[in-house]
Amino acid sequence: MASERYNHRVTEPKWQAYWTENKCFEAEIDPARPKYYVLEMFPYPSGRIHMGHVRNYTMGDVIARFRRACGFNVLHPMGWDAFGMPAENAAIERGVHPKGWTYDNIATMRAQLKNMGLAIDWSREFATCDPSYYQHEQAMFIDFLQAGLVERRVSQVNWDPIDQTVLANEQVIDGRGWRSGALVEKRELAQWFLKITTYAQDLLNALDELPNWPEKVRLMQKNWIGRSEGMKFSFDLEDADGNALPDGLSVYTTRHDTIFGASFCAVSVDHPLAKQAAATNLELQDFRKEVAALGTSEENIERAEKRGLPLGIFARHPFLSDVRIPVYAANFVLMGYGEGAIFGCPAHDQRDFDFARKYGLPILPVVAPRDHVGDVVVGSEPYVDGAGDDAVLVNSAFLNGLSTADAKAEVARRFEESFRGSRRINFRLRDWGVSRQRYWGCPIPVVHCKSCGIVPVPKQHLPIELPEDVKFDKPGNPLLHHPTWRHVPCPSCGNAAERETDTFDTFIDSSWYFARFCSPHAATPVDAAAAKYWMGVDQYIGGVEHAILHLLYSRFFARAMGATGHLQMDEPFKSLFTQGMVIHETFKSQDGEWVLPSDAVQTNGAWMHRETGQPLTVGGVEKMSKSKRNVVDPDTIIDSYGADTARWFMLSDTPPERDIEWTSAGAEGSWRFVQRIWRLVNEVSERAGKTGNAEDDLVLRRATHKVIGWITDDLMALRFNRAIARIYELSNALNAALSKASTAALREAAETLVLLFAPMMPHLAEECWVALGNSNAVVDQAWPKADPAMLVEESVTMAIQINGKRRDEIVVPKGAGKEFLEPLVLALGSVKRVLNGKPVIKFIVVPDRIVNIVCAS
RNA sequence: GCGGGCGUGGCGUAAUGGUAGCCGCAACGGACUUAAAAUCCGUUUUUCGAAAGGAAGUGCGGGUUCGAGUCCCGCCGCCCGCACCA
């Protein structure tokens with residue numbers, strides 16, 4: 001009966017079971033149909049799903065169901081990014097095993113996701129900690145090694161003292177570990193590196209071929225790769241007495257045009273020259289320590305003044321035989337970029353300027369605006385512009401009068417002629433250090449042998465599985481403390497050798513999972529035929545926080561897999577969408593403790609604690625986080641309102657790329673709409689065999705077919721909030737027509753409505769479909785098509801403007817032209833009144849939209 | 001500092017250069033009810049006006065256009081990303 005409420009607790013599990021039993025979402029290769037691969041960034045099994053997951057997976061699910069209805073062969077898989085530190089922390093804190101903890105979490109979260117009613121092919125599910133997954137990762141690493149894409153080298157690494165592991169540059173944020181938040185230290189360690197820099201140029205170029213990626217993300221990657229065109233050249237060095245030193249000083253610059261403005265050279269404190277000088281210079285030793293301790297965090301950089309110590313040696317100016325400039329060790333020169341050494345041109349660089357001011361070094365201007373008059377003077381700021389054609393070189397011998405570009409070319413030519421230097425393109429991008437001194441990760445499949453050196457594990461010995469009998473009783477890597485695991489014979493000579501005890505950065509696991517989903521049970525990492533059919537991902541959805549790390553690594557991995565014959569597709573993600581966060585009000589008690597929203601109640605406009613009655617202060621609306629306790633548990637919402645309500649809320653009102661604020665009022669609103677739809681549909685189904693007013697039928701039918709077109713366009717463009725507004729419109733139109741239109745028109749509108757919201761609220765759609773008397777399932781219905789005949793309007797309402805101001809409106813036949821409109825409009829009382837006898841200068845008609853009369857004002 | 005984005009009712013938002021505010025939330029009024037909840041109907045940018053009907057209005061100041069929330073120039077504010085990268 002219509003009076004009965006829609007009961008999600010019964011309905012939702014029923015339809016979930018139906019979809020599962022009928023294998024509705026299990027994807028199979030079908031060359032006859034176009035494929036569509038929808039993927040949301042797979043979750044880390046932290047314990048329970050959060051609202052961010054609900055939003056992300058709802059969006060992906062709408063796309064999957066919509067595309068499926070449109071006739072695409074849809075692949076929509078799910079898996080688990082299952083290696084990582086939290087599992088080890090749980091082991092340390094609670095004595096559970098990382099493996100058990102992880103798989104338990106997966107079981108919980110899988111059940112939660114299933115409650116959401118997602119159209120996922122669960123037969124393809126895997127976790128990255130499954131040996132059947134990571135063995136392929138190990139095999140590919142060996143291939144990468146043989147292809148020269150892997151290097152082991154001793155390097156200064158970012159050491160996280162809390163997690164006791166190395167971090168990639170990308171994982172250091174403001175000088176702190178991205179996970180632990182600990183101040184990162186510098187250490188020298190032998191590490192494995194994936195040579196992402198091999199593809200620096202290609203990774204940069206290909207960004208232009210990703211038009212369906214957000215501009216923001218492409219820019220972030222561009223900046224991260226950081227290409228700069230410059231020159232590497234060397235200065236001759238001499239000691240204080242003018243005796244030539246054996247080695248030169250190699251520097252990198254992008255402003256070689258300013259060479260005549262050079263007044264000092266500066267090297268990093270880690271530069272060999274600085275280290276060498278420090279051996280006999282106590283002051284310099286202290287300075288090096290101090291700089292190392294400061295790190296490179298943002299605040300430090302802001303605060304740190306430019307400082308340096310002279311090394312007591314001098315560089316000869318390459319073009320001025322009588323000029324020599326001092327060499328400093330300076331805190332603002334980075335060893336990791338260029339040559340770890342620069343020449344300073346204070347007049348045209350802010351840092352050099354600050355440094356020169358502090359140490360009284362000459363500031364000689366060598367670039368000036370083209371239209372400058374008289375002597376060029378240095379003000380309180382360096383002149384750093386002048387890249388274009390509006391600046392010329394001055395005080396620069398043979399460069400005088402040239403543009404900066406021409407001057408660069410001339411300096412480069414002279415340096416190259418004299419073999420003193422060469423043009424050089426530098427990238428900010430560093431190779432990817434992937435060794436982690438942790439247990440819960442993929443073991444790196446190599447053996448260290450005293451006689452053979454580094455020996456890759458033969459592929460037939462893979463997977464190298466993690467031992468399960470490990471202890472977490474002391475800091476550091478449990479694999480290193482395991483009594484037997486690492487002791488193995490050398491695969492090459494058979495003598496006693498040791499396994500690598502480092503494991504992979506977990507970002508490797510997530511750098512190719514999308515390819516594995518194409519053939520999750522294949523004996524090779526990727527089955528070529530499956531990948532050929534399914535790849536690339538047609539729509540990838542995730543948080544913008546992965547704009548650099550995960551997305552750049554994945555693009556690199558696709559290339560490396562291409563070089564080793566595993567994948568024939570450089571760009572894995574054709575379209576990328578970065579969704580906004582879920583935010584929520586925060587509450588604080590009087591003693592400054594964060595309070596759960598579920599404990600906050602409002603009485604007479606004031607917030608108080610549900611139990612203690614203590615008044616609460618309302619804080620900002622912020623990202624849901626455990627620390628601020630402003631979280632809402634999806635389970636609670638799904639239990640009380642149903643998955644469809646939660647899904648509907650996540651798609652409503654706010655555009656998907658923006659942050660959405662979860663409110664209980666909004667959730668209740670969504671729930672009411674679910675009930676309203678149920679009531680409407682039942683009223684329609686009870687209204688059998690009634691004839692209606694032809695006029696009302698037409699109005700309803702037109703609304704129905706117009707909405708089909710709108711929603712189709714909106715879903716194609718991922719404008720979920722707009723699609724939802726249109727659904728409300730159609731349901732309002734249906735409601736208004738209930739007592740007036742014929743049964744046929746009502747049924748058509750109701751069935752269309754159900755099909756249109758089915759991607760968003762699939763359970764409700766199925767139940768309504770049955771209530772309307774259908775014996776099949778919505779999941780098998782094709783997407784509705786608008787009847788063009790219903791889109792043709794005979795008359796339109798046109799606005800009438802006078803001098804751009806709206807004065808009236810008029811209903812006229814569609815397509816009415818100027819000849820028809822002019823006499824009609826000018827005869828209107830409202831128009832006559834405003835014109836007040838003034839002559840019409842112009843009569844503009846925008847067909848079917850607007851009439852604008854221009855008259856003297 | 002560099003780069004990007006955004007600024008519209010009480011709130012979330014909508015608007016191929018063409019009637020600003022669709023749709024939702026909240027609020028208010030009414031119906032139903034013994035009552036409440038739920039539901040249904042209606043009102044809701046501001047302002048003047050009894051009404052009819054005016055006026056103003058998309059952060060601020062200019063410009064282009066018959067016409068600007070939308071395009072251009074200059075500001076202000078907020079958000080995000082990057083940052084001693086030579």
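Just so it is clear: chains get the letters A, B, ... in the order the sequence lines come, proteins before strands, and each one is counted from 1.
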- salt_bridge(A/Lys222, A/Asp208) N-O dist < 4.0 Å: yes

- Query: Does any donor-acceptor pair link the side chain of A/Lys306 with the base of B/C84 at a separation under 3.5 Å?
  - Reply: yes

- Item | Under 3.5 Å donor-acceptor pair, A/Arg722 side-chain atoms to B/C23 base atoms | no

- Message: Can you see if the side chain of A/Arg833 gets near the phosphate of B/G54 - specifically, an N or O under 4.0 Å from OP1 or OP2?
- Response: yes

- Message: If the cut-off is 4.0 Å, is A/Asn732 near the phosphate of B/G24, judged by side-chain N/O to OP1 or OP2?
- Response: yes

- Message: If the threshold is 4.0 Å, N to carboxylate O, is there a salt bridge linking A/Asp848 and A/Lys814?
- Response: yes

- Message: Tell me which nucleotide, if any, is Watson-Crick or G-U wobble paired with B/U45 when both distances must be under 3.5 Å.
- Response: B/A56

- Item | Phosphate OP1/OP2 of B/C85: any A/Arg424 side-chain N/O under 4.0 Å | no

- Message: If you compare every side-chain N and O of A/Asn223 against the phosphate oxygens of B/G4 (OP1, OP2), does one of them come in below 4.0 Å?
- Response: no

- According to the Watson-Crick and G-U wobble definitions, with both distances under 3.5 Å, which nucleotide is paired to B/C6? B/G77

- Query: Under 3.5 Å, is there an N or O donor on one side and an acceptor on the other linking the side chain of A/Arg849 and the base of B/U16?
  - Reply: yes

- Message: Does the Lys NZ or Arg CZ of A/Arg726 fall within the cation-pi geometry relative to A/Trp710 - under 6.0 Å from the ring centre and within 45° of the axis?
- Response: yes

- Query: Does A/Arg676 place a side-chain N or O at less than 4.0 Å from the phosphate oxygens OP1/OP2 of B/C40?
  - Reply: yes

